[in-house]
Amino acid sequence: MNIFKLSWKYLIFKPLNTTLNILLLALGLSVITVLLLMQNQFESKMTRGAEGVDLVVGAKGSPLQLVLSSVYHIDFPTGNISLKDARGLTRNRLVKAAIPMGLGDNYEGFRIVGTNHDYLDLYKAELSEGSLWTKPFEVVLGHEVAKKLNLKLGSEFAGSHGIATASHDHDEHDYVVVGILEESGNVLDNLVLTSLESVWYSHAEDHDHASMEADVITSGLPETDDEGLEITTMLIQYRNPMAAIQLPRFINSRTNMHAASPAFELNRLFELLGVGVTMVQGLAIAIIIIAGLSIFIALYNSMKERKYDLAVMRTLGASRGQLFFHIVLEGIILTFISACVGVLLGHFFVHVLVSLNEQGAIAGISAWTFIEEELYIWAYAVGVGIVASIIPAWNAYRTGIATQLTK
Amino acid sequence: MLHTRNIRFQYNSQNSFQIPDVNLAKGENLLILGHSGSGKTTLLNIIGGLLEPHSGDVRLGSTELYKLKGAELDKFRGKNIGMIFQKPHILAPLTVKENLELANYLAGAKPYNIDGILEDLNILDKKNSKISQLSEGEAQRVSIARALVNQPQVILADEPTASLDDVNAERVIQLLKGQAQKLNAILVVVTHDQRVKNHFKNQITVGKQ
């Protein structure tokens, strides 16, 4: 027998009360856990996704939309730009590298991206099997795409127009899987990658069979005389820091294209999300405070019934300090368990969220990684326990033995 | 062994108690009689180290009780004085055995032969029972077992038979006397219960005269 066991026995003596308090506090703490996990992983995932991309150039429209659609593949593309304008920009001395992308098709909800091999190099992607595309209509699948749709090397499928499922199919030409990527944990996992030419040919009215047999370009922009061709966006790397100042201004004012900086737009996005996060955080803190109050009231009320027990313990040799500790320990045990339950519950919530939203913005967030900040949850919880139990414990400390026993 | 000297105590200025000195040697018994409000429970609390008198002193062996400070007095009381109350007051969240273990732990005493005590009191089969499953008589015997578990030098009982029927009251008195003798401990019983009177030779009466 010891004080810890004694406190524990008193807690389980009232199982309903104890369970309710644990659940209430755990609920508040689980929301905090979800926020911590999301913030930690979402921000780092977003920031990682934009590494190596200094500027996104696309059709005029919302810069945030431009960044979301072409870097993260979550929003709708803003429109197309002409290949001629794009090529003009790649010749600018401030541009070190440019990766073109043709967006707008999907297969079973996974976006088809027409680009070149540079795009894979940007994320240092590795093939797990097969090879990269060299001819039109050859595709390389992201890890998740191959897994979810159960596609193998040599599988064929037709893309659909639009970026969501259930729009009309381009049934004239089937794509052929020639490669599957290793799991990368970034946006590539959920993409179907192919050449720009594939995207063009699948939209073309007339079919020039000779060009469909030719090799596609693996770097830079395809050389073609067709002035009507368009691409959706280009990811650009600056040649020098001066470009960060001059290039966006040049593009936005002198061309009919629009330039957006991922870093800047991300900051704006996090700021916008911040308002929502703060509100949810406030709600969680309110729940935690109510849970703390509930624990306080439960302990405080139980003191009335337990004063006799406490006096008896004193006659058995317990010191005032031991009784004080006994009550505080009850609060600490309760809140410590709440923290364990809350953190697990939080991870479970994230797990559910992620599995309900496999192709969205939070896809690829892992629900069961534990982060250092979660230790603070235990600290908060135990803090709540100490604060909630200090007044009842003080009452226990002051209980006079003789007066209590003769009542 | 147990000596009180010139004890004075009052709850208010109109109500002060006349408390006779008590001197008891090892193994002696004492019955304190008095009507309600005569101060007999107050005397017991003072002897038990629960209530500091306004003047006078209580000595157990070579220790002056009220010279001990704070936790020292608590530990001394836990180790050397076993108390039994009118109601059993056993801690409901704990089993019979755990109640006795707690008494051991709180006094900082060595674990004692718990099974032996329970067997002596004929409640060994209730060892793992919750208090709610005990009868009144059994519960009172558990509270006696708890008072004995640290092998105290003094056993104090405050109206131990008041809520018991004749059979159980007789049994409790016999048990108290028997166990006190076994430990060679001083036994002080406070009561107004006439059934108890005949069992003790050494009696004092307290109250306003």
Side-chain angles (χ1 to χ4, degrees), chain A residues 1-19 21 298-299 301-331 333-334 392-394 396-407, chain B residues 9 11 37 39-42 44-46 48-53 69-95 97-109 111 114 130-132 143 146-147 149-150 152 156 158-159:
Chain A
M1 183 58 63
N2 51 49
I3 297 284
F4 181 84
K5 200 172 163 196
L6 186 66
S7 295
W8 174 248
K9 290 278 176 183
Y10 270 89
L11 277 177
I12 58 173
F13 188 56
K14 296 212 162 158
L16 294 180
N17 225 326
T18 303
T19 312
N21 282 329
L299 274 176
N301 281 338
S302 79
M303 279 309 113
K304 287 174 198 152
E305 305 158 26
R306 279 166 66 179
K307 280 209 159 156
Y308 224 115
D309 284 14
L310 293 168
V312 168
M313 289 180 207
R314 290 290 305 280
T315 68
L316 295 175
S319 64
R320 288 170 183 278
Q322 276 178 310
L323 294 191
F324 185 86
F325 184 59
H326 162 53
I327 302 298
V328 171
L329 201 58
E330 227 169 283
I333 294 173
L334 194 73
W394 178 243
Y397 183 88
R398 286 185 325 174
T399 302
I401 322 173
T403 46
Q404 195 56 48
L405 287 174
T406 45
K407 252 179 202 164
Chain B
F9 190 86
Y11 286 103
K40 55 190 194 304
T41 295
T42 303
L44 201 72
N45 285 339
I46 290 171
L50 301 179
L51 188 65
E52 187 165 2
K69 288 281 164 278
E72 280 175 8
L73 176 58
D74 292 322
K75 293 297 162 224
F76 184 83
R77 173 172 58 236
K79 264 190 191 146
N80 299 297
I81 301 171
M83 299 198 82
I84 298 147
F85 311 100
Q86 182 175 346
K87 292 259 171 63
H89 293 307
I90 306 166
L91 307 184
L94 306 181
T95 64
K97 182 171 167 246
E98 287 165 344
N99 264 283
L100 301 197
E101 285 171 345
L102 180 71
N104 258 174
Y105 169 77
L106 289 177
I114 286 175
K130 279 273 159 80
I131 303 316
S132 52
S143 82
R146 184 177 60 190
V149 77
N150 294 328
L156 304 177
D158 185 7
E159 306 275 15

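In the text below, chain A, chain B and the rest are named by the order of the sequence lines, each starting its count at 1.
- Across all non-hydrogen atoms, the minimal contact from Ala318(A) to Asp74(B) is O-CG, 3.4 Å.
- Around the NZ atom of Lys75(B), the shell of radius 6.0 Å holds more than 12 heavy atoms that belong to other residues, nucleotides or ligands.
- The candidate with the highest count of non-hydrogen atom pairs below 4.5 Å against chain A, out of Leu91(B), Ile46(B), Leu44(B), is Leu91(B).
- Here CG of Leu316(A) is found 14.5 Å from NZ of Lys79(B). Values are rounded to the nearest 0.5 Å.
- For Ile3(A), the parts lying under 4.5 angstrom from a heavy atom of chain B are both the backbone and the side chain.
- Within the 4.5 Å cutoff, side-chain heavy atoms of Phe85(B) are placed close to those of Thr315(A).
- Taking CD1 from Ile401(A) and CZ from Arg77(B), the interatomic distance works out to 4.0 Å, rounded to the nearest 0.5 Å.
- Only the side chain of Lys5(A) comes within less than 4.5 Å of a heavy atom in chain B; its backbone stays farther off.
- Counting only heavy atoms from C-beta outward, the side chains of Leu50(B) and Arg314(A) never approach each other to under 4.5 Å.
- A distance of 10.5 Å separates CG in Asn99(B) from NZ in Lys9(A), rounded to the nearest 0.5 Å.
- Contact annotation for Ala92(B): both backbone and side-chain heavy atoms come within less than 4.5 Å of a heavy atom of chain A.
- Separation of atoms OG (Ser319(A)) and CG (Leu106(B)) is listed at 8.5 Å; rounding is to 0.5 Å.
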### Query
Can you check side chain to side chain contact (heavy atoms under 4.5 Å, CB included) on Leu6(A) and Leu94(B), steps first, answer last?
CA-CA 8 Å; Leu6(A) 186 66; Leu94(B) 306 181; 3.8 Å; yes

### Task
Apply side chain to side chain contact (heavy atoms under 4.5 Å, CB included) to Met1(A) and Asn104(B), showing your working.
CA-CA 8 Å; Met1(A) 183 58 63; Asn104(B) 258 174; over 6 Å; no

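- Counting heavy-atom pairs closer than 4.5 Å to chain A, the top-ranked of the candidates Asn45(B), Thr42(B), Leu102(B) is Leu102(B).
- Counting heavy-atom neighbours within 6.0 Å of Phe325(A) CZ, excluding the residue itself, gives a total of 12 or less.
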